[in-house]
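Scope of the values below: all heavy atoms of this structure, side chains included, with no hydrogens, waters or symmetry mates. Remember, predicted model here, so these are calculated numbers, not experimental data.
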Amino acid sequence: MKRIFAYLSLAAAIVMTAACRSNTPAEKPFDGPAYLNPAAPLEERVEDALARMTLEEKVALTHAQSKFSSAGVPRLGIPELWHTDGPHGIRPEVLWDEWDQAGWTNDSCTAFPALVNLAATWDRDLARLYGKSIGEEARYRKKDILLGPGINMGRTPLNGRTFEYMGEDPYLAGQLVVPYIQGVQGEGVAACVKHFAVNNQETRRTATNSIVDDRTLYEIYLPAFEAAVKEGGAWAVMGSYNLWNGQFNCHNKRLLCDILKGEWGFDGVVVSDWGGCRDDDEAVHNGLDIEMGTWTDGLHSDASDGYQNYHLARPFIERLRDGRATEDELNDKARRVLRTIFRTGMSPETHYGSFTSPEHFAAARKIAAEGIVLLKNDGILPLQPAEGAKILVVGENAYKMMVVGGGSSNLKTKYEVIPLDAIREAFDGKAEVKWERGYVGDTTTDYNKVVTGQDLSESRSAARLVADAVAAAREAEYVIFIGGLNKSDHQDNEGTDRLDIVLPYGQDKLIEALAEVSENLIVVNISGSPVAMPWSEQADAIVQAWYGGSESGHALVDVLTGAVNPSGKLPFTMPLALADGPLKTERQYPGIREEGKEWWQEYYDEGVFIGYRWYDTQKLAVQYPFGHGLSYTTFEISDASVKAAGEGFEVTATLTNSGKVAGAEVVQLYVSDTEATVERPEKELKGFEKVFLEPGESATVRFPLDRRALSFFDAEAHDWKAEPGEFHALIGLSSRDIRADLSFNL
Ligand code: GLC
């Protein structure tokens, strides 16, 4: 009986399936136009759409229609492109044609750490996590182009946007920008890598001509962008405001047509910086695809129907009509814009993203913590105070919210955990935590109508503030100074450069006064760029923290308490003084006026010698070197070796956690070419691996060294050149902490 029942059930199942199947419509062939077919190959969709468009519709694709959008093709159902700042989170909605906030109540984002904080993690996996997370936020907010990441090199510590970039080394920036871009674009959002190129200062950024020789350009200022395009597959690149060798970079023929689209084969869109397009003819002929901007001529006065006055609007149509511009030039721009639309808003994969999720805040906290750099520790950290201990926190940056401000990376976030609250939370019921402001820095609480709600007003005098802090320090077992810079003018802020690397607001004297009365002084510097630390001997511990975003306070406390063992490494050199740097003359920085030249002229006379390439070659003392960062455990390097491998070499070494707690270390490989026909830096970073190890655990790290890694750029030959002779592979835990020196011959 059972067997019959089994057969009947099986028969019934077969009938049902067939019936179900017959209810499922057979895969009918797509019967719409090819450009609407998500399954059609990308280029087929592009060509089909292009063939259906009028000249005016194509031109409309190539310029702004509002502050942060460029046109689609309404008649064909091709959506417009929505652009959004910035590299650290999704900018709050602004009005159609204003910088002012639109006052939406659904656009408070997750604020991720500043990109310099990501750079300090030296962690490719975190870069990908960062990109994926911010890409999900952009997609959820229905944005198609994320205006970031920024990867301009740290030529001067004074650059106001150092916090938005990834340090002073092109290899480090290149290795981290690739996974960031892939993370973003995996969500159907275009990363728009910026600001292309040699835009290394904010001073007169729209009126300065960077004069850079080809070797310096190819060795220092292009490699991170080259990696972004060729390895990261960036779908968009933003031209920068400045000029390079005499042409504005938003339509610089050599930069955009010869190098970016020619040598690198870039198939995406070149977007101008806002107002960076400055010339009708060059905009048509020199590689610009979408002109974004502020007003009619990009930078200056408004006018009615402004968008039709844009260089790539009415003037472009006039040129197409009178033959000064060709249909081919128009079609190339239109194809690139359509390709971007089909990669994002009309992507064959439907993406929905996510916004302010616990996962995003957790990612922000993890990245922020892993990028915090322990510069000095005489054993006071991790902080484990006795029951009932008195902890005094001093400094405005313990309290001031920092997600806001800084220019276009200004964010409205769901919440920001300030250090003081996180410290109070961590030691609640265990220790008494007091706070003294110590100094007054930036009392701004409203950044372009993003309002923090904090009250930063202060009635006490500077002297009173210091006296109160010192008096309180006398009563405390531990003093945690949390100061540094902020997002105000001439600090870490777009549009202005810093004036020196000395800490502002009298912080140096305050720190020294606190050191006089405290046995346990921890100094936390929160900044996005290097600062001088004349008090470094008096501090018992020094921590370089960054603008860590929404979870900044928790990330800092995770490190201070040892919940996270610090593994950050400096992405730039911390010099003793600005004067030690390579920029010695006005013509090097911030540029000079020259007879008969309309724009300021800035000469990159230092060539490839920036950052540690300068300090190490000149054998100059520094406060803390590039790649430096301590841990709560210790690491050893052993069994280092180099051997020939294919066309190049392979360097290997063993890393061991010789301490008592789990931790991570970044093994760095520098190459030194001791026999060269050109002057080369004493060392150059050509490999790094971040390794997490349990106490006593070891791991082998391997670094391939291809010929490009051994080469300098020969401008005459316009090619990379690895000269025969002796090389050294330097394996270290910073650019100055070299643990193995292996010589080999090419
Ligand atoms: C700004 C910045 C750029 C930003 C753009 C839009 O001037 O230079 O990084 O993405 O304009 O806000």
Side-chain angles (χ1 to χ4, degrees), residues 111 113 358-359 361-370 372 374 377-403 413-438 452-456 465 468-484 511 514-515 517-526 539-543 545-546 548-568 631-633 660-663:
E359 292 80 6
F361 287 109
R365 178 169 181 167
K366 181 176 176 58
I367 295 161
E370 204 181 301
I372 288 174
L374 180 59
N377 183 21
D378 70 359
I380 188 173
L381 291 178
L383 191 57
Q384 279 143 354
E387 194 70 24
K390 292 184 172 59
I391 298 173
L392 175 70
V393 178
V394 179
E396 185 176 278
N397 283 5
Y399 179 74
K400 179 177 171 60
M401 296 169 82
M402 298 282 209
V403 161
T413 183
K414 225 164 185 67
Y415 66 81
E416 177 177 355
V417 178
I418 58 174
L420 181 60
D421 289 349
I423 292 169
R424 283 184 166 142
E425 188 184 307
F427 294 105
D428 182 28
K430 297 177 199 145
E432 182 193 301
V433 178
K434 283 187 177 172
W435 175 60
E436 278 293 341
R437 184 168 188 168
T452 66
Q454 290 190 308
D455 175 3
L456 293 173
L465 283 162
D468 289 353
V470 171
R474 290 183 200 281
E475 308 304 316
E477 273 99 340
Y478 296 93
V479 175
I480 307 175
F481 177 85
I482 304 180
I511 293 168
L514 292 170
V517 299
S518 169
E519 292 300 308
N520 295 310
L521 173 62
I522 299 154
V523 175
V524 178
N525 176 56
I526 293 181
D540 300 294
I542 305 172
V543 174
W546 314 93
S550 298
E551 287 284 343
S552 200
H554 282 150
L556 176 61
V557 167
D558 287 346
V559 167
L560 293 181
T561 61
V564 168
N565 185 355
S567 62
S631 170
Y632 294 145
T633 186
K660 296 187 174 52
V661 294

Hey, is the main chain of [Y] close enough, under 3.5 Å, to the side chain of [X] for a donor-acceptor pair?
X	Y	answer
Glu477	Lys390	yes
Asn397	Lys400	no
Asn565	Tyr632	yes
Thr452	Met401	no
Gln454	Tyr399	yes
Arg424	Pro419	no
Thr633	Gly663	no
Ser518	Leu514	no
Asp558	Leu560	no
Trp435	Glu396	no

Min side-chain heavy-atom separation [X]-[Y] under 4.5 Å:
X	Y	result
Val470	Val517	yes
Ile380	Ile522	yes
Glu432	Phe427	no
Val543	Val523	no
Lys434	Val393	no
Ile482	Leu556	yes
Ile367	Pro113	yes
Ile511	Leu521	yes

Atom of [X], atom of [Y] and distance for their closest heavy-atom approach:
X	Y	value
Ala111	Thr413	N-OG1, 3.5 Å
Ser567	Glu370	OG-CG, 3.3 Å
Ala368	Gly548	CB-O, 3.6 Å
Val394	Ala469	CG1-CB, 4.1 Å
His554	Ala422	N-CB, 3.7 Å
Leu465	Gly438	CB-O, 3.6 Å

Gap separating the [atom1] atom of [X] from the [atom2] atom of [Y], nearest 0.5 angstrom:
X	Y	atom1	atom2	value
Leu420	Arg437	CG	CZ	12.5 Å
Glu416	Met402	CD	CE	8.5 Å
Ser552	Ile418	OG	CD1	10.5 Å
Phe361	Ser550	CZ	OG	4.5 Å
Asp540	Asn520	CG	CG	6.0 Å
Asp428	Ile423	CG	CD1	13.5 Å

### Task
Answer with yes or no whether the side chains of Tyr478 and Glu519 bring together a donor and an acceptor at under 3.5 Å.
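No - no donor-acceptor pair under 3.5 Å links their side chains.
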### Task
Pick out which of Ile372, Val559, Ile480 makes a side-chain contact (heavy atoms from CB on, under 4.5 Å) with Val524.
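The option that passes is Ile480.
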